[in-house]
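Only one structure is covered here, and it is reproduced in the block below.
All chains are named by letter (A, B, ...) in the order of the sequence lines, taking the proteins before the strands, and each is independently numbered beginning at 1. None of the values given here were measured: they were computed from a predicted structure.
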Amino acid sequence: MNEIGIILKIFIAVVIVNNFVLFRFLGLCPYIGVSKDTDSALGMGMAVIFVMTMASAVTWVIYNFLLIPLHIEYLIIIAFILTIATLVQIVEMIIQKTAPVLYESLGIYLPLITTNCAVLGVAMLNKDTLTGETLSFIKSVIQGFGAGVGFTLAMFLMSGIRERLELADVPQCFKGVPIAFITAGLMAMAFLGFSGML
Amino acid sequence: MSNSVIVFSITVLGSLGLIFGLCLALASHFFYVKMDKRIENIYNALPNFNCGACGYPGCKKYAENIVKNNASINLCTPGGVETAQKIALVMGIEHNGENKRQVAYVFCCGGNDAKILSDYQGIKDCNCAVLVSGGPLQCDYGCMRFYSCVKVCKFDAIRINNKGLPEIIPEKCTGCMACVKQCPKDIIKMIPADARVFINCSSKDRGKQVMDACSTGCIGCTKCVKACPVQAIQMDEGLAVIDQEKCVKCLKCIDVCPVKVITTTKQQKG
């Protein structure tokens, strides 16, 4: 029971309180770049959930069964980049072969995520949490999944707001990306209201 | 000591890279998806604007449909005849050298002549304005001049003429139909690029209503229908419509029109 409670806590923490985009400021380029309409934002979000969950699982194995036994923890960044890039490529190939329909909807976003800092961030944070301990395998996967859900949530909210902003009477000099930046800042401040909730 | 650390790191990372590389190579072998070479070649020949003028979502899909579903090869408007010939070369078929180019045209000449019923103060967008009792104009078919079509045009092909109406520059129009889809009044329609005579009104109201709402609107008097020597003009629910395929550009309809809604391209630009 206690274990399930902790897992739930991790999930909520990473979705809302420590949201990757709005609290840790990771993955800002797709957050601004792909949030112009809701459809592509959701597509990107689904791809990120998928990749983050996979990456959490695989990097946990790499870290605990390769880097720690060989005492080369300082190679963590380059090893994780290598792992994630390979993983995304292989997953892309497998999807293209086995599920063409899924590939049609996720395919264009997968290469974008290969070197996304949010994905690397979730892998790094699995071993280096705020409490200072390394997470177990299940908790790592949950944290990866939750981070993806949080990312999708932020993207979805942002795209909805930006679709409304398209119609609003915004001053000429603020049109487009400037107003999007201001919106992003305000959203991050609003999400700060959740801090201390858990 | 430090030397051994460097060597150790290089060995571990190198072998990691080697294993991943092998994995990728194996995956690309086992999960190889056979692609038709012709699709790739056609895709390279297309201009890659992804404008959708061909009726397919993007250049990639158009290339696939040419090969798989025998789509016509002369649908690419931005690429024109040149692209069609390149595609013909890939597919090994003859190209008849003619592209049916279609351009958008605004079928309204109301502008300042159209009577305004209400003073709309909301968001400056046609699709928003039309929600408030069908827009501020008395005419249900008139251009409200909030220029949503101008904003949506990616190719800078719509300008605003001296009557304040959007006017499509045929040379720049790629036929992507973005403005046609945007217009809430459906007064932008596609016409062949070689069309020269236009009836600049979309109103299907009766004559008296049209005259009340706008001083330059088709009142459905059928004079042009009778004047046309080749029966190219037909009445469609009280509105005269030209069949551009039949039109011989004799300009007789222009002389007989009592409300002067029929124009040629030259008059429009002058």
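Proximity of L75(A) to L16(B): side-chain heavy atoms (C-beta onward) are nowhere separated by under 4.5 Å.
Residue contact with chain B, scored on non-hydrogen atoms closer than 4.5 Å, involves the side chain of L66(A) exclusively. Residue L82(A) touches chain B through both its backbone and its side chain, counting heavy-atom pairs closer than 4.5 Å. When heavy atoms are compared at a cutoff of 4.5 Å, F30(B) approaches chain A solely by way of its backbone atoms N, CA, C and O.
Within 6.0 Å of CD1 on I94(A) lie more than 12 heavy atoms contributed by other residues, nucleotides or ligands. Crowding of L131(B) atom CG: a count of heavy atoms from other residues, nucleotides or ligands under 6.0 Å exceeding 12. Other residues, nucleotides and ligands place no more than 12 heavy atoms under 6.0 Å from the CD1 atom of I138(A). Counted within 6.0 Å of CD1 on I76(A), heavy atoms from surrounding residues, nucleotides or ligands total more than 12; the atom is thus considered enclosed.
Contact between I62(A) and F20(B) at its shortest, heavy atoms only, is CD1-CZ, 4.2 Å.
Heavy-atom pairs under 4.5 Å with chain A were tallied for L24(B), I123(B), V12(B), L26(B); the largest tally goes to L24(B).
For the side-chain contact (heavy atoms from CB on, under 4.5 Å) test, residues two or more places apart in sequence or in another chain that qualify with C149(B) are I158(B), P166(B), C179(B), I188(B).
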Extract all donor-acceptor atom pairs below 3.5 Å that involve side chains of residues 148-157 of chain A and protein atoms in other chains or at least two apart in sequence.
from	atom 1	to	atom 2	distance (Å)
T152(A)	OG1	G45(A)	O	3.2
T152(A)	OG1	G148(A)	O	2.8

Could you give the side-chain donor-acceptor pairs of residues 190-198 of chain A under 3.5 Å, partners two or more places apart or in another chain?
from	atom 1	to	atom 2	distance (Å)
S195(A)	OG	L192(A)	O	2.7

Between chain B and chain A, which donor-acceptor atom pairs come closer than 3.5 Å, counting both backbone and side-chain atoms?
from	atom 1	to	atom 2	distance (Å)
Y74(A)	OH	S9(B)	OG	3.3
K97(A)	NZ	Y32(B)	O	3.4
E104(A)	OE1	K61(B)	NZ	3.1

